[in-house]
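Just below is one structure, and these are the notes that go with it.
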Amino acid sequence: MQYRKFGRTGLTVSRLCLGTMTFGLQTEEDVSQRILDTAADAGVNFIDTADVYPLGAGESNAGRTEEIVGRWLKGKRDRFILATKAVGKMGPSAWDQGASRKHLLDAIDASLRRLGTDYVDLYQLHSDDANTQLDETLEALDVIVRSGKARYIGVSNFLAYRLARALGRADVLRVARFVSVQPRYNLLFRQIERELLPLADEEQLAVIPYNPLAGGLLTGKHRVDAAPTSGRFTETVGKAGAVYQERYWHPREFETIEKLKAIATPTGESLTRISLAWVLANPLITSAIIGASSAEQLSDTLSTSELVLDAQVKTQLDEVSHEYRWGDAAR
């Protein structure tokens, strides 16, 4: 396993981060524990979760993933960098979601109880809450950091201009500053290269992308003419299955995958490893978040942090996927 400095902080994390959003829905606790064991044995020291996980399980099951992770961490919490997220809906009241002071101060305490710890290393906004003033959110996060309940703060699913504004407001207010961004990024979604990654570079933010394998589409196991039978593209993950189909399940994406396979095959590497190695080859990427529904699924991905792409192969992958820097307009 390779390791890298976490943005401008003094923290060091593994180049692969274990994502846990399926724990408690697609994967029951015993399987989730084996996945965690396998990742840890391979040198992964970075675990990412969220209060709303497992994704697609609904409000009644929200928090179950944190509970599973917390039970596994018991007795070894100090060996891992633990990240979680808030903003998603966690209860029936209007204030049980978002980035208000009330919700964030409640949400961090609830996450810590479920995780069985008195602090998280990274506390992230799961998405941008346009209904709450950035100043209120930043001041609440500063309270959380100063209280010792979180060591650092970050964001996920933020547009570049909103993140830039948040960084500026934090400087003005002299409060805790975001140190990381967690965007979607893979060979079929490259829009962040236009504005978000240059911002991260200039501000020395850690970049920890999710979906590096496009929800499993970049494993090459799916076919456009056959309905998905398992995984994130099915109803087993609730509404999230429809979200993933909308993101990736299109003829254009499947045509690109065939081109990517043609590049990967002569290398002797799987499309899975080639696709993940491409993400890690970007010098601005700190750690890629990988997931699995079984420990066996990690066999291809866990060793990829040490895979160095041939320059010609990297160029070919760049060229084949270049249109995905521009989003739906290229369709």
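One-based numbering along the sequence shown. As a basis for the values below, the full set of heavy atoms in this structure was taken, side chains included, without hydrogen atoms, waters or symmetry mates.
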**Item:** Side-chain donor/acceptor of T304 to backbone N/O of D300, under 3.5 Å
**Value:** yes

**Asked** Taking the side chain as C-beta and beyond, is there a heavy-atom pair between L205 and L167 under 4.5 Å?
**Response** yes

**Request:** Please check if I208 and L82 belong to a single hydrophobic cluster, counting links between Ile, Leu, Val, Met, Phe, Trp and Tyr side chain heavy atoms closer than 4.5 Å.
**Result:** no

**Asked** Going by an N to O cut-off under 4.0 Å, is there a salt bridge joining K261 and E258?
**Response** yes

**Request:** Would you confirm whether T65, through its side chain, and F23, through its main-chain N or O, come within 3.5 Å as a donor-acceptor pair?
**Result:** yes

**Fill in**
Closest non-hydrogen contact found for L213 with L276 is CD2-N, 4.1 Å

**Message:** Could you walk me through whether L73 and T117 satisfy the side chain to side chain contact (heavy atoms under 4.5 Å, CB included) test, starting with their C-alpha distance in whole Å, then the side-chain angles of each, then the deciding distance to 0.1 Å, before giving a yes or no?
**Reply:** CA-CA 9 Å; L73 280 171; T117 183; over 6 Å; no

**Item:** Whether E66 side chain and L115 backbone form a donor-acceptor pair below 3.5 Å
**Value:** no

**Request:** Answer yes or no: is there a donor N or O on one side and an acceptor on the other, between the side chain of Q297 and the main chain of S293, under 3.5 Å?
**Result:** yes

**Message:** Measuring only between side-chain heavy atoms, which start at C-beta, is L105 closer than 4.5 Å to D109?
**Reply:** no

**Item:** A262 backbone acceptor or donor facing T265 side chain under 3.5 Å
**Value:** no

**Prompt:** When rounded to the nearest 0.5 angstrom, what distance separates OG1 in T12 from CD1 in I81?
**Reply:** 8.5 Å

**Request:** Please test L199 against Y161 for side chain to side chain contact (heavy atoms under 4.5 Å, CB included), starting from the C-alpha separation and ending with a verdict.
**Result:** CA-CA 9 Å; L199 172 64; Y161 91 93; over 6 Å; no

**Prompt:** Under a 4.5 Å side-chain heavy-atom rule over Ile, Leu, Val, Met, Phe, Trp and Tyr, are V145 and L173 clustered together?
**Reply:** yes

**Message:** Around atom CZ of R146, are there more than 12 heavy atoms from other residues, nucleotides or ligands closer than 6.0 Å?
**Reply:** no

**Asked** Heavy atoms, side chains only, cut-off 4.5 Å: are L188 and L217 in contact?
**Response** yes

**Asked** Does D96 use its side chain to pair, donor to acceptor, with the backbone of K89 at less than 3.5 Å?
**Response** no

**Fill in**
Closest heavy-atom pair, S14 versus N45, reported as atoms and distance to 0.1 Å, is N-OD1, 2.8 Å

**Item:** Flag if over 12 foreign heavy atoms under 6.0 Å of CD, E28
**Value:** yes

**Request:** Determine, using the 4.5 Å side-chain heavy-atom cutoff (strictly less than), whether V143 and V179 are members of one ILVMFWY cluster.
**Result:** no

**Message:** Within the 4.5 Å heavy-atom criterion, are Y210 and N157 side-chain neighbours or not?
**Reply:** yes

**Message:** Within this structure, what is the CG-CD distance for the pair L141 and E136, rounded to the nearest 0.5 Å?
**Reply:** 10.5 Å

**Item:** R165 atom CZ: more than 12 heavy-atom contacts under 6.0 Å
**Value:** no

**Prompt:** Honestly curious: do L18 and V120 fall in one hydrophobic cluster under the side-chain, below-4.5 Å linking rule?
**Reply:** yes

**Item:** S32 (side chain) donor-acceptor with T27 (main chain) under 3.5 angstrom
**Value:** yes

**Message:** Quick check against the 3.5 Å criterion: does N186 have a side-chain atom that pairs as donor or acceptor with the backbone of N211?
**Reply:** yes

**Message:** Can you confirm whether or not the ring centre of W72 sits under 6.0 Å from the ring centre of F80?
**Reply:** yes

**Prompt:** Should R190 and Y185 count as side-chain neighbours, where that means a heavy-atom distance under 4.5 Å?
**Reply:** yes

**Complete:** To the nearest 0.5 Å, atom CD of Q97 lies from atom CG of D51 at 11.0 Å

**Request:** Could you pull out the closest heavy-atom pair between S156 and K85, with the gap in Å?
**Result:** CB-CD, 4.3 Å

**Item:** Same apolar cluster: I290 and L309, side chain cutoff 4.5 Å
**Value:** yes

**Item:** Interatomic distance, T286 atom OG1 to R4 atom CZ [nearest 0.5 angstrom]
**Value:** 6.5 Å

**Complete:** Of all heavy-atom pairs linking S305 and R15, the shortest is CB-CB, 4.1 Å

**Request:** Kindly check if the number of other-residue, nucleotide or ligand heavy atoms within 6.0 Å of NZ (K76) is above 12?
**Result:** yes

**Request:** Show the numbers, then the answer: is there a side chain to side chain contact (heavy atoms under 4.5 Å, CB included) between L317 and I274?
**Result:** CA-CA 9 Å; L317 295 171; I274 288 291; 3.6 Å; yes

**Item:** Presence of salt bridge, E306 and R273, under 4.0 angstrom
**Value:** no

**Message:** With salt bridge (Lys or Arg N to Asp or Glu O under 4.0 Å) as the test, pick out the partner of D121 among K149, R77, R151.
**Reply:** R77

**Prompt:** Do L11 and L122 come within less than 4.5 Å of each other through their side chains, counting heavy atoms only?
**Reply:** no

**Message:** Applying side chain to side chain contact (heavy atoms under 4.5 Å, CB included) to L302 and T38, what does each step give before you reach the verdict?
**Reply:** CA-CA 9 Å; L302 284 173; T38 301; 3.8 Å; yes

**Item:** Minimum side-chain heavy-atom gap V181-L196 below 4.5 Å
**Value:** yes

**Message:** Rounded at 0.5 Å granularity, tell me how far OG1 in T219 sits from CG in L271.
**Reply:** 7.5 Å

**Spacing of D129 atom CG and R162 atom CZ [to the nearest 0.5 Å]** = 8.5 Å

**Message:** Donor-acceptor check, side chain of D142 to backbone of V175, threshold 3.5 angstrom: yes or no?
**Reply:** no

**Prompt:** Hey, does Y324 have a side-chain heavy atom less than 4.5 Å from the side chain of L187?
**Reply:** no

**Request:** Determine the minimum heavy-atom distance between S287 and L16, stating which atoms define it.
**Result:** OG-C, 3.4 Å

**Request:** Run the numbers on N282 and E193 for side-chain hydrogen bond (donor to acceptor under 3.5 Å, both in side chains), then give the verdict.
**Result:** CA-CA 10 Å; N282 188 317; E193 293 175 8; 4.8 Å; no

**Sidechain-backbone polar pair: T9 side chain, K5 backbone, donor-acceptor under 3.5 Å** = no

**Prompt:** Relative to each other, are the rings of Y53 and H126 parallel, tilted or perpendicular (30° and 60° limits)?
**Reply:** perpendicular

**Message:** Show the nearest heavy-atom pair for residues G24 and P54, with the distance to one decimal.
**Reply:** C-CG, 4.0 Å

